[in-house]
Amino acid sequence: MTEQPARWSQATVYPDMWADPDDDPREGLSPEGELATLQDYLTNYRLTLRMKCEGLDAEQLARRSVPPSTMSLLGLIRHLAETERDWRNWITEGDPLPKLYGDPDGDFDGAVADEAVVEEAYAAMEREQAATDAALAAHPDLGERLGKDRIAVRELLVHRIEEYARHCGHADLLRECVDGRVGQ
């Protein structure tokens with residue numbers, strides 16, 4: 001039987017939160033308009049994922065905390081880099097970009113406890129996020145349909161938010177298993 005880490009939160013104002021309001025980079029004014037709101041939600045979920053991973057070493061990030069799942073925090077970072085690239089493939093007319101991590105489970109299977117793998121994963125996620133953001137910035141009309149499947153920009157943005165939100169839920173559980181830290 002393995003010993004579970006004690007549950008704890010860094011927050012002191014609201015102990016069920018991840019961070020105190022003054023320390024939370026996601027706090028701020030509500031944006032104006034639908035596009036700005038969607039972009040704000042996406043930005044905040046991206047920040048949430050990074051916050052759930054901060055302060056952990058390569059071994060902790062790569063730990064598969066909920067066996068038999070292959071999921072780890074590092075695997076989530078790699079998966080979301082791969083997913084950003086895939087979304088760009090949805091909106092382009094040409095040949096798809098190649099997979100970053102090869103086979104279908106390469107993002108999780110290759111998430112090993114090596115600092116170089118961690119650094120590459122963060123760099124890939126940032127690069128792929130920026131590239132997808134730039135590709136979509138050229139299409140501010142949320143109703144515009146793009147790519148071979150004629151997907152609406154709105155649908156793509158909502159799908160990206162859903163993907164990050166779902167994986168932030170996974171990150172909550174994975175992080176709690178790693179070191180006991182909890183919070184919304």
Side-chain angles (χ1 to χ4, degrees), residues 25-26 31 33-54 58 61-66 68-175:
R26 300 166 298 179
E34 184 180 6
L35 177 58
T37 299
L38 293 171
Q39 290 169 332
D40 188 59
Y41 268 86
L42 179 60
T43 297
N44 285 337
Y45 279 120
R46 287 173 170 175
L47 280 169
T48 298
L49 179 68
R50 292 188 75 94
M51 291 167 71
K52 296 293 177 172
C53 295
E54 69 187 13
L61 288 168
R63 189 179 303 164
R64 294 176 176 180
S65 307
V66 189
S69 173
T70 60
M71 199 175 289
S72 66
L73 290 165
L74 179 57
L76 287 177
I77 294 166
R78 291 165 53 98
H79 172 71
L80 287 164
E82 189 79 75
T83 303
E84 288 282 355
R85 176 171 280 209
D86 189 45
W87 285 323
R88 267 196 331 285
N89 285 333
W90 291 8
I91 63 173
T92 59
E93 300 286 344
D95 291 333
L97 296 166
K99 293 226 172 260
L100 289 172
Y101 302 112
D103 69 65
D105 290 323
D107 41 7
F108 289 103
D109 290 339
V112 296
D114 179 317
E115 192 57 41
V117 173
V118 171
E119 290 174 16
E120 185 281 328
Y122 276 111
M125 184 173 68
E126 290 170 10
R127 180 184 65 245
E128 297 302 322
Q129 287 171 340
T132 304
D133 290 347
L136 284 174
H139 305 281
D141 176 0
L142 293 172
E144 184 180 355
R145 296 193 170 272
L146 306 172
K148 295 176 280 248
D149 294 329
R150 310 312 297 159
I151 186 170
V153 172
R154 178 183 290 103
E155 182 180 352
L156 184 61
L157 281 167
V158 170
H159 188 67
R160 291 169 80 199
I161 292 165
E162 177 273 331
E163 183 87 11
Y164 278 92
R166 181 166 31 93
H167 289 313
C168 282
H170 295 133
D172 284 340
L173 297 173
L174 291 165
R175 178 63 187 252

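FYI, the numbering just counts along the sequence from 1.
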Problem set entry | Crowding at CG, D149 (>12 non-hydrogen neighbours, <6.0 Å) | no
Exercise. So which heavy atom on I161 is nearest to which on L38, and how close?
Worked result: CD1-O, 3.4 Å
Exercise. Near Y41 OH, under 6.0 Å, is it more than 12 heavy atoms from other residues, nucleotides or ligands?
Worked result: no
For this session: List for me each residue that meets ring-ring contact (aromatic ring centres under 6.0 Å, His included) alongside H139, sequence neighbours excluded, and say none if there are none.
Result: none
Problem set entry | Backbone of E54 reached by a side-chain donor or acceptor of R175 within 3.5 Å | yes
Problem set entry | Rounded distance (nearest 0.5 Å) linking atom CD of E82 with atom CG of L97 | 10.0 Å
Problem set entry | Geometric class of the Y164/W87 ring pair [parallel <30°, tilted 30-60°, perpendicular >60°] | tilted
For this session: Could you tell me whether the side chain of M125 reaches within less than 4.5 Å of the side chain of L49, counting heavy atoms only?
Result: yes
Exercise. Hey, what do you get for CG (L157) to CD (E34), rounding to the nearest 0.5 Å?
Worked result: 9.0 Å
Problem set entry | Inter-residue atom distance L42.CG - L47.CG, 0.5 Å rounding | 10.0 Å
Problem set entry | Approximate separation, where rounding is to 0.5 Å, of R166 CZ and Y45 OH | 12.0 Å
Problem set entry | Neighbour count above 12 (heavy atom, 6.0 Å) for D141 CG | yes
Problem set entry | Within-4.5 Å side-chain heavy-atom neighbours: L174 and M71 | yes
Exercise. Per the side chain to side chain donor-acceptor pair (under 3.5 Å) rule, which among R78, H79, K99 passes with D107?
Worked result: H79
For this session: Please step through salt bridge (Lys or Arg N to Asp or Glu O under 4.0 Å) for the pair E93 and R150, ending with a clear verdict.
Result: CA-CA 10 Å; E93 300 286 344; R150 310 312 297 159; 3.5 Å; yes
Exercise. Between L146 and L136, does a side-chain contact (heavy atoms from CB on, under 4.5 Å) hold up when you go through it step by step?
Worked result: CA-CA 10 Å; L146 306 172; L136 284 174; 4.3 Å; yes
Exercise. What heavy-atom pair brings I91 and I151 nearest, and what distance separates the two atoms?
Worked result: CG2-CG2, 4.1 Å
Problem set entry | Shortest non-hydrogen contact between A62 and A113, atoms and distance | CB-N, 3.5 Å
Problem set entry | Nearest-0.5 Å distance, CG of residue D40 to CZ of residue R26 | 11.5 Å
For this session: Identify the two heavy atoms, one from A121 and one from I77, that lie closest to each other, and give their separation to 0.1 Å.
Result: O-CG2, 3.6 Å
Exercise. Quick one: are H167 and T83 in side-chain contact, heavy atoms under 4.5 Å?
Worked result: no
Problem set entry | Any R85 side-chain heavy atom under 4.5 Å of P96 side chain | no
For this session: May I ask you to test the W90-H159 pair for a side-chain heavy-atom distance under 4.5 Å?
Result: yes
Seminar exercise, completed: Residues L76 and F108: closest non-hydrogen pair is N-CE2, 3.6 Å
For this session: Measure across R160 and Q129 and return the closest heavy-atom pair with its distance rounded to 0.1 Å.
Result: NH2-O, 4.3 Å
Exercise. Under 3.5 Å, side chain of D114 to main-chain N/O of A116, donor-acceptor pair present?
Worked result: yes
Exercise. How long is the gap from CG on L142 to CD on E155, to the nearest 0.5 Å?
Worked result: 12.0 Å
Problem set entry | Salt bridge D109-R64, side-chain N to carboxylate O under 4.0 Å | yes
